[in-house]
Amino acid sequence: MRIHVPKDWEIAESAATPEREYRARTRRDFLKMAGIGIAGAFLLRPAARAALAGFPSRANPDYPGTDLKVTPYNLITSYNNFYEFGMDKGDPVGEANQGWKTDPWAIEIRGLARNPGKWDVDDLVKKFGGTEERVYRHRCVEAWSMVVPWDGFPLAKLVDFADPKPEAKYIQFTSFLDPKSAPGQRDESFGWPYVEGLRLDEARNELAFVATGIYGKPIPNQNGAPLRLVTPWKYGFKGIKSIVRVELTSREPFNTWQRLARNEYGFYANVNPSVDHPRWSQASERVIGGGFFSGRQPTLMFNGYEKQVAALYKGLDLARNY
Ligand SMILES: Nc1nc2c(c(=O)[nH]1)N[C@H]1C(S)=C(S)[C@@H](COP(=O)(O)O)O[C@H]1N2
Ligand SMILES: [Mo]
């Protein structure tokens, strides 16, 4: 007999929402939020991406977050940081949907990998056995937060597929580069493309996730189509969008925000209420869509995922390694 020992972030069977119910609820909420009825729902069909492998996502009775209040779809997809498509939160929803093509999409694996090459994203998702749902907290370094129901696959699957050589200690991610489609990339001072990275043991942590969807639908362009990183215990800027390349390295990657302001943004970017940003406190956060009375809440160590990730940072000075 196989005994299932629940992970800490898992939920009791009795508390789990059955897949069909969740999906129905999600759909109802989505339709309500979109302000349309059942008839109008039909018009939503021709979404940006007609079909991405893996949908509908597998039911995952283990995904965390049933105690969390999920942020409405229209807020998750209209309040964005995606500087390639503008500096204001409302820019990407418009600018990233003016003909920028995210299908088909290839991702390259290179560096200290035994399995380098270039793969179509849909083929990869199929190889990895489809997608699953995860409800995670999402905390930006700017001190706002959401709760997002992502669809995707564990990053560990991509790492295993790349098959790191023993010298590989880090994984570096690179976003797309296409100034014709992305107006923000015409400002070269930013140093495009956007780059991020993780230690390999962080990348293999059970929480590290590659999202290909939100709310059971393919991820919209403004949220990082067709695939983006999600590391819920870290500030949002680690969650690099629209990835075209992963590279296994022996050296710590130098990420975009480190390069732009090294004294403000580091490599680790772990959510930490007791390590303030040089220009503002990180002790609390503004809940997007939280309303007047529940609009602010205390920030949790590692964004509430301390039990899953604290062991990764044993002996590391978190104030110095911000
Ligand atoms: N390529 C790219 N990835 C990016 C960013 C960006 O500007 N470009 N912004 C980051 C920041 S600061 C945050 S908070 C999240 C925002 O993700 P969301 O718009 O899906 O909430 O994406 C991250 N990934
Ligand atoms: Mo952010």
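Start at 1 and go down the list; that is how both ligands and their atoms are numbered. Everything quoted here is computed from the prediction, not taken from an experiment. In this chain, residues are counted from 1 in sequence order.
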Tell me whether Asn223 has any N or O atom under 3.5 angstrom from an N or O of ligand 1.
yes
In the protein, what heavy atom is nearest to atom 9 (N) of ligand 1, and what distance, to one decimal place, separates them?
Asn81 O, 3.2 Å
Lys169 NZ to Arg251 CZ distance, which is reported to the nearest 0.5 Å
14.0 Å
Identify, for atom 7 (O) of ligand 1, the protein heavy atom at the shortest distance, and state residue, atom and that distance.
Tyr83 N, 2.8 Å
Quick check: are there more than 12 heavy atoms from other residues, nucleotides or ligands sitting under 6.0 Å from CD of Glu188?
no
Please tell me if the side chains of Tyr305 and Tyr136 come closer than 4.5 Å, counting only heavy atoms from C-beta onward.
yes
Cys140: numbered ligand 1 atoms lying under 4.0 Å from its heavy atoms:
14 (S)
Looking at atom 6 (C) of ligand 1, what's its closest protein heavy atom, distance included?
Tyr194 CE1, 3.5 Å
With a 4.0 Å heavy-atom cut-off (strictly under), which part of His138 contacts ligand 1: side chain, backbone, both or neither?
side chain
Heavy-atom pair of closest approach, residues Ile219 and Trp150:
CD1-CZ3, 4.1 Å
For atom 15 (C) of ligand 1, find the nearest protein heavy atom and state the residue, atom name and distance (0.1 Å precision).
Gly236 O, 3.5 Å
Distance under 6.0 Å and angle within 45° of ring axis: Lys241 vs Phe85
no
Between Phe209 and Phe153, is a ring pair (Phe, Tyr, Trp, His ring centres under 6.0 Å) present by the stated rule, with each step listed?
CA-CA 6 Å; Phe209 200 62; Phe153 55 84; 7.3 Å; no
Establish, yes or no, whether a centroid distance under 6.0 Å links the rings of Trp257 and Phe190.
yes
Are Arg139 and Gln282 close enough that a side-chain donor and a side-chain acceptor fall under 3.5 Å?
yes
Can you list the ligand 1 atoms lying under 4.0 Å from a non-hydrogen atom of Ser175?
1 (N)
Could you tell me whether ligand 1 has any atom less than 4.0 Å away from a heavy atom of Gly239?
yes
At under 4.0 Å between heavy atoms, is it the side chain or the backbone of Glu84 that contacts ligand 1, or both, or neither?
side chain
For the ring pair Tyr268 and Tyr322, is the centre-to-centre distance below 6.0 Å?
no
Considering distance alone, does some N or O of Tyr79 sit under 3.5 Å from an N or O of ligand 1?
no
Arg228: heavy atom below 4.0 Å from ligand 1, yes or no?
yes
What about Lys241: any of its N or O atoms under 3.5 Å from an N or O on ligand 1?
yes
